[in-house]
Protein chains: 2
Amino acid sequence: MNYSKQREIILNTLKENVVHPTAEYLYDVLKKSNSTISLATLYRNLNQLAENGIIKKIDGLESSSHYDHNTHEHYHFICDKCKKVYDISADVAPDLVKKAQEETGFTINGSDIVFHGICKDCNK
Amino acid sequence: MNYSKQREIILNTLKENVVHPTAEYLYDVLKKSNSTISLATLYRNLNQLAENGIIKKIDGLESSSHYDHNTHEHYHFICDKCKKVYDISADVAPDLVKKAQEETGFTINGSDIVFHGICKDCNK
DNA sequence: CTAAACTTGATAACAATTCTCATTTTATTT
DNA sequence: AAATAAAATGAGAATTGTTATCAAGTTTAG
């Protein structure tokens, strides 16, 4: 992977975002800050960054993928009403990957763990 | 939900499938058994069945959704090489949903828990 | 038996993502 | 720093999975 200005901007924009944005959301943010990054370049770089373990692609949330700059093991919750994505500590299931590996005998390289329901705000 | 012949066929076909098929896979199976079920009807019914809790739609595996006739709590593993989908017992993380609920205070209605890596067969 | 509600098939439409390809940037070798 | 190879880019076309539309057929309750 060579250095590229665009990739740097994309990564920084993702890092500045507390939420877990979709490509489309990032694209809008980038456009507003006058970056002339094309949608293809955005997708290409998000995929590359994820393949290199620098960011994490979160699937299973909605029809579109979300991206997370936090690669430490943790899970996600999406509110079915407001669609906000929250982090859940990996402490709720200690050694989850290890145990799954023991049970199956498979080599586990990653996991996508997503809960959905209604968040506190929407429950009011 | 009214009775419908098509829905019955779709549900039975899904039940007979030990794998966790995609809509496309099911469509092929149905065509081979001379069912004249249109793709739209298939998708419509899979969604309805899932909404009514009769089957489960599994997201986060691949670009397309998979469907599971087993609605008891359990997790999934997809082999990145052969793309086969395996079940993982919920025992690897007892009370996962309950704990996540306690930690967050959110109402959790469901979860998609997917591990990926290389299965035993492909590891040989 | 009739009317209202539901379901269907065929196909168009859609949204998210990837591909193509000519041009530009970055890295490497001299 | 010039030449060359390798990687990245932008723009838009293409692809994939899924949903919407709508006229016609089916199911169900009264």
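Chain identifiers are assigned alphabetically (A, B, ...) following the order of the sequence lines, protein sequences preceding nucleic acid strands; residue numbering begins at 1 within each chain. Side chains included, hydrogens not; waters and symmetry mates left out as well; all remaining heavy atoms used.
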Query raised in the report: When you measure from the side chain of A:Tyr43, which nucleotide among C:dT26, C:dT8, C:dT18 comes out closest?
Result: C:dT18
Report summary line: A:Glu24 CD to C:dA15 P, in whole Å, measures 9 Å
Query raised in the report: Is any side-chain N of the basic residue among A:Lys15 and A:Asp68 closer than 4.0 Å to the acidic one's carboxylate O?
Result: no
Report task. Starting at atom CG of B:Leu42, determine the distance to atom P of C:dG9, rounded to an integer number of angstrom. Result -> 10 Å
Query raised in the report: Between atom CD1 in B:Ile10 and atom P in C:dG9, what is the gap in whole Å?
Result: 8 Å
Query raised in the report: When you match B:Asn2 and B:Leu39 each to their closest nucleotide on DNA chain D, which lands nearer the 5' end?
Result: B:Leu39
Query raised in the report: Is any side-chain N or O of A:Ser4 closer than 4.0 Å to OP1 or OP2 of D:dA8?
Result: no
Query raised in the report: Quick one: is D:dT26 close enough that its OP1 or OP2 comes under 4.0 Å of any side-chain N or O from B:Gln6?
Result: no
Report task. May I have the distance from A:Ile58 (atom CD1) to C:dA16 (atom C1'), rounded to whole angstrom? Result -> 17 Å
Report summary line: Taken to the nearest whole Å, OH/A:Tyr25 to C1'/C:dA16 is 19 Å
Query raised in the report: Should B:Gln48 be listed as having a side-chain N or O under 4.0 Å from OP1 or OP2 of C:dC6?
Result: no
Report summary line: From CZ of B:Arg44 across to P of C:dC6 the rounded distance in Å is 14 Å
Report task. Quickly work out the A:Tyr27 OH to C:dT17 P distance and round it to whole Å. Result -> 14 Å
Query raised in the report: Within the structure, does a side-chain N or O atom of A:Ser64 lie under 4.0 Å from either OP1 or OP2 of C:dT17?
Result: no
Report task. Measure the distance from CG on A:Leu49 to C1' on D:dA8 and round it to the nearest whole Å. Result -> 13 Å
